[in-house]
Each structure stands twice: as C-alpha cells, then as structure tokens.
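Report on the following structure.
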Amino acid sequence: MAKVKRVYTFGDRKAEGNAGMKNLLGGKGANLAEMNLTGVPVPPGFTITTDVCTEYNELGADKTFDLLKEEVVAAIKNIERIMGSEFGSRDNPCLLSVRSGARVSMPGMMDTVLNLGMNDDAVVGLAKKTENERFAWDSYRRFVQMYGDVVMDLKPQSKEDVDPFEEIIETLKEERDIESDTELTVEDLKLLVERFKAAVKERTNLDFPTDPWEQLWGAIGAVFNSWMNKRAIYYRQINNIPEEWGTAVNVQAWVFGNMGDNSATGVAFTRDAATGENIFNGEYLINAQGEDVVAGVRTPQQITKEGALRWAKLAGVSEEERISRYPSLEEKMPEVYMGLFTIQKKLEDHYGDMQDLEFTIQDGKLWLLQTRNGKRTGAAMVKIAIDLLKEGKIDEKTALLRLEPNKLDELLHPVFDKKALDKAVVVGKGLPASPGAATGRIVFFADEARKYPESILVRIETSPEDLEGMNIARGILTARGGMTSHAAVVARGMGKCCVSGAGNISINYKTRTMNAGDKVFNEGDWISLNGTTGEVYESKIDTIDPQMGGDFGEIMDLAEKYTRMDVRTNADTPKDARAARNFGAKGIGLCRTEHMFFEGDRIKAMREMILAENETDRRNALDKLLPYQREDFEGILEAMHGYGVTIRLLDPPLHEFVPHEDENQMEMAEEMGISIEEVKRKVDSLHEFNPMLGHRGCRLGNTYPEITEMQARAIIEAACNLKKKGIDAKPEIMVPLIGTVEEFNMQEQIIRDVAEEVFKEKNISVDYLVGTMIEIPRAALTADKVAETAEFFSFGTNDLTQMTFGYSRDDAGKFLPVYIQKGILKDDPFQILDQEGVGQLVRLGTERGRAARKDLKVGICGEHGGEPNSVEFCHSVGMDYVSCSPFRVPIARLAAAQANIR
Ligand code: ADP
Ligand code: MG
Ligand code: MG
C-alpha cells in the first residue's frame with residue numbers, strides 16, 4: 001500500500017500543494033502554497049490535510065498524532081532551515097501560528113493559536129534578538145492568553161461572565177491606576193503571564209505547557225476539535241457545508257507586526273467589496289499583530305492615501321490630525337506600500353478575481369499571510385464580473401459562472417438609505433422571510449391596507465384571503481410562522497419585503513395594538529422592516545430604489561446567449577406578468593385561476609356556485625363568473641402576447657372559498673335568500689378530513705363538468721377576442737392533479753368541445769394546447785399513457801414533493817426543522833428539490849412522456865423553479881423551461897445559463 005501523504009510543505013517559493021488542492025488542503029492552505037509558487041513572500045510552513053481531520057474524529061488524538069509525527073517533525077525542520085532559527089531554542093527561537101482552514105472560508109468559526117513556541121526561555125531569546133524586552137513579553141502574554149482560551153478552555157462560563165484573562169488584565173490596571181494596555185510595563189507583563197498561568201492551573205488543575213512540542217500538538221488537536229464546535233456546526237448547517245469535509249491545519253513561521261514602528265499588519269481588498277469599484281483598499285495598524293485589526297481596540301488606518309482622505313472626511317478628522325495620527329500606509333511606508341500594491345495586482349491577475357489579503361510587515365519586510373476570493377455584495381459581484389470581463393481577465397463563460405444566482409436577489413428589491421439606517425432603533429427580530437426594505441404605517445387587517453398610502457400589514461399570521469392586502473402593503477410582518485409560512489411564500493412570490501415569526505411581538509386585533517418588547521404601537525404608527533436581516537425598526541426609514549444599472553443588464557444578455565432552457569414566470573395578474581417580462585420571462589408557466597375568484601363581487605358568485613343545490617343553479621352562478629374570468633384572461637394573455645401562457649383550471653378544495661364566520665354566513669344567506677342554518681349546513685357538508693387529498697383539482701371538473709366548461713370558454717373566448725385585435729395570444733390549458741389518464745381525457749374532451757363551439761360562434765380560431773400538471777406520483781409513473789393525449793407536462797413539484805414524501809405541506813413545520821437539525825434530511829425538500837427521490841419521478845415522467853410524444857413540452861412550476869440547484873437539475877432532465885415567481889426570473893435565467901455551461 002502506498003504511504004498516505006498527510007503533510008504538505010511550502011516556503012521559499014516552493015510548495016508541495018497548489019491552488020487546485022482546496023479539498024485536501026483547505027482554502028487557506030491551498031492558497032498559501034499557490035502564493036509561494038507565484039513568488040509572493042509567505043512565511044514558510046506546512047498544511048496537515050483535511051483527511052487527517054476525518055481520521056482525528058475517528059481514531060482520536062493519540063493514534064492520529066502517531067501517524068503524523070514523522071512528517072510534522074520533518075516539516076518543522078524545513079521551516080527552521082528557511083528561517084534560520086530554531087523551534088524551542090533559547091538563543092534563536094522560531095515561533096509558529098497554528099491556523100484552521102476548511103475548503104470554503106468559515107470566517108471566525110474555528111480556532112487558531114498564534115505566537116506558539118513561547119516559554120520562559122524563548123522570551124529571553126526573543127528579547128535579546130530584538131533588543132525589545134517589552135515586545136517579547138507582550139508576545140508571551142498574548143500566547144498564554146490565546147492558548148489558555150483555545151486549547152485549555154479557560155473561557156467565560158456563562159454569557160454574563162467576563163473573559164477570565166480580561167478580568168486579570170483589568171485588575172492589574174486598577175492596581176496600577178492606568179487606563180490603556182500600552183501603559184503596562186515589562187514587569188506588569190511578566191506579572192500577567194504569571195497570573196494567567198496560575199488561573200489556568202486553578203481552573204483546570206493542569207500546568208501550562210512549557211515544552212513547545214507539547215504546545216504544538218495541543219494546538220493541532222484544538223484546531224481539529226474546533227471543526228465540531230457549536231458555532232462551526234451551525235455555520236455549516238446554514239451554509240450547507242458537509243461535515244465530512246473537515247478542516248486542514250496550517251502551521252507557519254510567525255512573523256511579527258508588533259516589533260516596533262517599522263512593523264505593521266493589515267487586511268486589503270483588490271477591489272471594493274461593497275460597490276465593486278476597481279479601487280485597491282484596506283486597513284492596517286502600526287506595531288500590532290493581525291488579530292488587533294479585527295478586534296477593534298485601536299482605530300485602524302487606511303492603506304491608500306485616497307482611502308485615508310475619504311475616511312477622514314467621513315469621520316470629521318482634520319487633514320492635520322490625519323497626517324499626524326492616521327497616515328496611510330502609502331504615506332508612512334511608501335516602499336512597502338509599492339511592494340504590496342504590486343503583489344495585490346499580481347494576485348488578482350493570477351486568480352482572475354477580487355482578492356481579500358492579510359499581510360504583516362516585520363521590520364520593513366512585507367509578508368503575505370492569506371489570500372482568498374473576497375466576499376462581496378450582490379452589486380459588487382455583478383460589477384466585478386463585468387469589469388473583469390471587459391478588462392480581458394476572464395471570458396464570458398467564466399464571468400457567468402462566477403456569479404451566485406441567489407445573490408442577484410439583493411439587486412431586485414428597494415433598499416434602506418444607509419445613513420438613515422445607522423440612526424434607526426431595532427424593536428424586534430424575526431426571520432428574513434423575503435428580502436428588501438419596507439417602511440410604512442401599521443395596519444392590522446388586510447382589507448385596510450389602503451388606509452394609508454404606505455402601509456405595513458402586521459398580522460399574527462396571514463391566510464389566502466389577505467392576498468390583496470398583502471399586495472397593496474409595502475411590507476408584511478407576522479408574529480408567527482416560518483420561512484415557508486403563507487406570509488413568507490406569498491411575499492417572496494410578490495418580491496415583497498417580509499419578516500415572519502417575530503417572536504417578541506404580540507398583536508391584539510381588538511385594541512389594534514402591537515407590543516414589541518416594552519413598546520406599544522398603534523394602528524397608523526410608522527415602522528420599518530428589513531427583510532434581508534429580519535430586523536424590525538421603530539419609525540420611518542427612507543428607502544431608495546435598487547440601482548439596476550447597465551452591468552445587471554449585461555449579465556442578463558450574457559445569460560441569454562448561453563442558455564438552452566427558457567425561463568417563464570408564475571403570475572396570476574397582468575401586473576406580475578409585465579414585471580416578469582421586464583426581467584426576461586418568456587411566458588407564463590403557471591397562472592392560477594383561484595385568486596381570480598376572491599375580488600369584490602366575484603366571491604359572492606363563486607359561493608353561490610359552490611352552495612348551489614343542482615346543476616341549473618350552478619350554471620347560473622357560473623354564468624355570472626364567466627365575464628370576470630374572460631376579462632382576467634384577456635389581461636394576462638395580452639401582457640404575455642407572443643409567449644405561451646399556461647392556465648391552470650380550478651384547483652383548491654371548495655371549502656376554501658366559503659365563509660366560516662357567522663357574520664359573512666349571514667350576509668351570504670341574505671344574498672341567496674336562504675336561512676343561515678341552510679348556509680351553515682352546506683358549509684359543514686364541504687368539510688373534509690384531508691382536503692389536500694380530497695375533492696380538488698381535476699376531481700372538481702370531473703364531478704362538475706360545467707366548471708371546466710365555463711373556464712375553458714372564458715380562456716378561448718379571451719384568446720379569440722385578442723386575436724381579432726391583432727394580439728397573439730397563446731393559451732395552454734392545464735388540468736391539475738391527475739393520477740390516471742382517464743381523469744385527464746375526460747377534461748380534455750370538455751375543453752376541446754368548448755373550443756370548437758367558441759370557434760364556430762366567433763368565426764375565428766386560435767392555437768391552443770391542452771396538457772396537465774404532473775404532481776401525483778401515479779401520473780409520473782404512467783406518463784407514457786398520459787402523453788398520448790396531453791400536449792405538455794408541467795411538474796408541480798410542491799404537491800409532487802408532498803405526495804412522494806407523504807409530508808403534509810401545511811403541517812410539516814412541526815417536524816421538518818427538527819429533521820433538518822438532526823440530519824435526517826439535508827434540506828427542506830419544499831425549498832430544494834429532492835433529486836434523489838422526487839427527482840426520479842421527474843426524470844422518469846419526462847422520459848416516458850417523451851417516448852410517447854417526441855415533442856412533448858416539459859416544464860416545472862413549483863417553488864423549485866427559481867432555486868438554482870433545482871434549475872440545474874431541470875436542465876439535466878432536458879426540460880424546455882422552468883417557471884418561477886417574477887422576482888426570481890433573473891436568478892433562474894442565470895442558473896439556467898450556468899447549467900448549460902457546466
Ligand atoms: P482567521 O481565519 O480566523 O482569520 P487566521 O488563520 O487568518 O485566522 O489568523 C488570525 C490572524 O493572525 C490573522 O490576522 C493572520 O494574518 C495572523 N497570522 C496568522 N499566521 C500568522 C503568522 N505566521 N505570522 C503573523 N501573523 C499571522
Ligand atoms: Mg484569516
Ligand atoms: Mg398543486
């Protein structure tokens with residue numbers, strides 16, 4: 001058996017690894033190797049592979065360290081050779097950093113130990129070598145503090161507790177009657193080291209290790225352990241990072257940024273991470289160690305002069321003060337700055353992407369400690385990709401693949417004005433259910449949304465009747481419900497800002513008040529919501545429209561060029577259809593007709609139809625609905641002229657349309673001239689134990705064919721009327737919820753008969769298709785039979801998921817979160833298509849359908865149609881289109897193009 005290589009060395013422009021080895025070496029390790037190969041100065045070191053992390057979790061520390069020992073000892077020798085110093089030596093000590101680093105960056109989630117190798121001998125050697133005793137003891141103090149915390153676990157015991165080390169420092173400062181750490185003398189620092197060690201001994205009953213090798217193994221173990229700490233586990237969960245990946249450990253020669261005024265440390269970005277502008281920028285501190293920059297104890301200075309001038313203006317610092325107290329690196333150390341500038345350019349060119357760098361300057365010499373593709377906002381992501389393309393650094397396909405489809409979402413919603421947001425007061429927090437910013441006055445009832453020109457609908461939870469009000473309101477806040485609650489799903493569909501399940505908020509509909517913590521809000525009071533973070537603010541905050549500049553358009557044009565699949569939209573109104581068309585939708589994949597029955601007088605006619613005793617009464621009521629429906633269809637077909645519009649026949653169980661409250665039942669009784677008891681009896685008779693599996697979908701049209709007749713007539717008449725006006729309407733009539741081909745055929749026959757009738761009456765004909773939704777497993781399994789008559793399939797993956805898993809969508813909130821937390825399910829299958837199970841039905845349904853009908857049009861119209869992974873899957877199955885809510889159209893278009901490139 002070949003020997004497993006567990007350790008990869010780097011240093012002095014040589015490296016055993018490279019940037020392509022992220023899986024094995026982690027992002028940090030792979031890039032440290034690559035920087036060496038590119039000729040960038042990096043302190044020498046080595047990387048222990050991510051595979052060893054897995055071994056460590058299986059075999060435990062002792063066995064793993066035995067396997068590692070030989071290679072680690074050799075790698076340390078390599079560091080000593082390059083640095084010309086000695087690990088654990090008294091005269092010429094070499095210190096190390098021991099750093100975590102997974103495949104993808106998990107900022108701040110795992111542990112790192114710095115200044116390792118310090119002990120009573122090394123501190124003397126370091127003081128002598130640098131002629132700086134204070135610096136040596138400060139490094140020692142830092143090391144004991146960090147090692148004590150990370151490896152020996154001397155942490156605050158509860159969240160109210162202060163850090164035990166900070167407490168010791170504070171006590172000493174009080175004893176000395178000083179304010180700042182910098183006033184501590186060498187003797188004070190020595191005392192701190194002593195007291196730190198004593199505290200460790202007292203709490204853990206262990207001596208602080210003085211042997212550098214013992215320190216090293218302790219730190220390596222701690223970094224591996226930190227892969228399984230709470231923070232890291234949670235971070236992996238929300239970012240879908242598998243536990244099997246593991247972290248690598250990077251051990252590296254230590255370089256000192258705190259060796260005096262000719263030393264410094266900082267972070268830099270090759271472009272602006274917020275705006276994407278091509279401006280080198282960053283922050284640094286003189287005479288400090290890397291962690292000081294992020295810790296925020298001292299005000300960091302700007303790297304470039306331009307940045308420093310900008311900063312001073314914002315901070316209200318005079319030019320005189322800026323130059324004396326906050327000079328830029330460019331001004332303070334011009335030569336080092338030039339070196340850094342050259343390196344950042346070299347690294348960005350090398351990686352072809354914006355880089356985020358860590359560097360340290362030791363006594364005038366520059367060292368790079370990390371480079372990675374920088375995190376950025378959605379706007380910066382788009383701008384940087386387009387700019388790099390124009391600069392000729394990447395090609396079109398790479399530019400597209402660079403983009404994270406979901407991040408486009410940030411660009412599609414209004415945003416708060418940053419300055420106004422800084423002053424705002426947070427009063428509550430819920431789930432970031434639908435991104436964007438909203439500000440308005442509180443209304444508690446959907447039908448009162450128009451009361452103010454800008455309103456925020458505040459509800460315990462929402463229901464389908466609230467739809468119109470939700471559409472009018474600027475934003476939606478609910479006290480209950482999760483990310484897939486009615487409010488959340490509908491708001492995302494509308495592209496409307498929504499915060500759901502805000503736990504600290506209680507709502508009293510009677511008094512029309514909302515309590516948030518100890519504050520009380522009345523109807524008409526201003527509040528603001530941030531749907532991207534879930535924060536709720538008191539009072540008004542100004543918003544600005546998103547800048548949909550030219551870069552965004554260019555990205556969409558590129559996507560168009562490289563895509564095979566079309567993207568359609570789910571839209572029930574002409575307004576939504578037009579919005580989606582602006583975003584590049586090519587048709588409607590799902591137009592639901594049930595929403596059309598709620599507005600104004602329609603609901604009355606609808607209820608009359610439902611409560612009718614016999615076919616004649618039912619037909620009478622349907623006749624009243626026909627003109628409304630026809631008008632709606634004309635609107636939507638016109639808005640999508642030239643493109644296919646898939647219209648689904650009535651789908652939900654009828655009881656969703658009837659009144660359940662006394663007051664409305666009374667009104668209904670009067671309207672129909674019958675007694676309230678009669679109404680109650682009929683409403684009760686519609687009750688079902690399992691409405692989702694009950695009398696709904698095509699079962700309605702097959703038991704009451706006159707409903708289908710009316711809807712088919714409304715659609716075909718609308719198309720004919722438009723054609724007479726020269727408008728190209730392309731209706732595709734979709735029968736929902738079939739399980740057998742007979743269920744479909746009966747509906748198809750009705751539709752075709754009606755169409756023929758209308759053509760004769762109007763003396764004109766239009767092209768139309770009749771197809772079906774595939775959402776019951778049996779329909780997918782018998783797709784070859786169904787496709788003999790059906791002209792298109794649209795996979796309704798919401799219901800298909802529900803029925804394949806047997807999870808009721810309306811009740812899954814009780815167990816799905818637990819399942820995901822316990823790892824029984826990886827993701828919520830209602831959000832990310834389950835390719836392994838449900839996906840089989842989709843693939844098989846498509847294949848069998850196309851075997852019977854070669855040109856069968858196939859698409860998807862569930863929530864999944866706008867989810868990038870699911871879009872990629874749909875592409876691989878060979879679908880003609882995906883369909884999603886208007887505001888996700890750009891995301892789906894990008895995902896579809898990426899799928900085609902990959
Ligand atoms: P994180 O990934 O949490 O940022 P790092 O591994 O990057 O942790 O290390 C924390 C800080 O210590 C960074 O500022 C880094 O630049 C600095 N640092 C790490 N290794 C060294 C080293 N060998 N010499 C000097 N500074 C270092
Ligand atoms: Mg770092
Ligand atoms: Mg359905």
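Numbering of ligands and ligand atoms starts at 1, following listing order. Below, each value reflects all heavy atoms present in this structure, side chains not excepted, and no hydrogens, waters or symmetry copies. Residue indices begin at 1 and follow the sequence shown. What you see is a predicted model, and the numbers here were worked out from it, not measured in a lab.
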Would you tell me whether [X] and [Y] have side-chain atoms, one donor and one acceptor, within less than 3.5 Å of each other?
| X | Y | answer |
| --- | --- | --- |
| Asn115 | Gln289 | yes |
| Gln344 | Thr270 | no |
| Gln370 | Arg99 | yes |

Answer yes or no: is there an ion pair linking [X] with [Y], defined by an N-O contact shorter than 4.0 Å?
| X | Y | result |
| --- | --- | --- |
| Glu80 | Lys77 | no |
| Lys190 | Glu133 | yes |
| Lys393 | Asp349 | yes |
| Glu348 | Lys345 | no |
| Asp153 | Lys155 | yes |

| query | Do any pairs count as a ring pair (Phe, Tyr, Trp, His ring centres under 6.0 Å) and have a residue in residues 266-285, sequence neighbours left out, and if so which ones? | reply |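 Listed once each, the pairs are Phe280-Phe341.
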
Distance filter under 4.0 Å to [X] heavy atoms, resulting ligand 1 atoms:
| X | value |
| --- | --- |
| Gln370 | 7 (O) |
| Gly290 | 14 (O) |
| Glu358 | 4 (O), 7 (O), 13 (C), 14 (O), 15 (C), 16 (O) |
| Leu114 | 12 (O), 19 (C) |

| Of Lys28, Arg372, Arg99, which has the heavy atom at the shortest distance from atom 1 (P) of ligand 1? | Lys28

| query | Heavy atoms only: which of Thr112, Val223, Val42 is nearest to atom 8 (O) of ligand 1? | reply |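 The residue whose heavy atom sits nearest atom 8 (O) of ligand 1 is Thr112.
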
Under 3.5 Å, which donor-acceptor pairs do the side chains of residues 19-31 form with other protein atoms, sequence neighbours left out?
from: Lys28; atom 1: NZ; to: Ser100; atom 2: O; distance (Å): 2.9
from: Asn31; atom 1: OD1; to: Tyr351; atom 2: OH; distance (Å): 2.8
from: Asn31; atom 1: ND2; to: Gly27; atom 2: O; distance (Å): 3.4
from: Asn31; atom 1: ND2; to: Thr371; atom 2: O; distance (Å): 2.9

| Looking only at heavy atoms, is any part of Val255 under 4.0 Å from ligand 1, and if so is it the side chain, the backbone, or both, or is it neither? |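 Both backbone and side chain.
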
| query | So which bit of Gln289 gets within less than 4.0 Å of ligand 1, heavy atoms only: side chain, backbone, both or neither? | reply |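 Neither part.
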
| Under 2.8 Å from the Mg ion (ligand 2), which protein N/O/S atoms are there? | Glu358 OE2, Gln370 OE1

| request: Please state whether Ala253 comes within less than 4.0 angstrom of ligand 1, counting heavy atoms only. | output: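 Contact present.
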
| Heavy atom of Met110, distance to ligand 1 below 4.0 Å |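 It does not; every heavy atom stays at 4.0 Å or beyond.
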
| request: Hey, could you give me each pair passing side chain to side chain donor-acceptor pair (under 3.5 Å) that has a residue in residues 330-340? Not counting sequence neighbours. | output: Arg322-Glu331, Ser328-Glu331

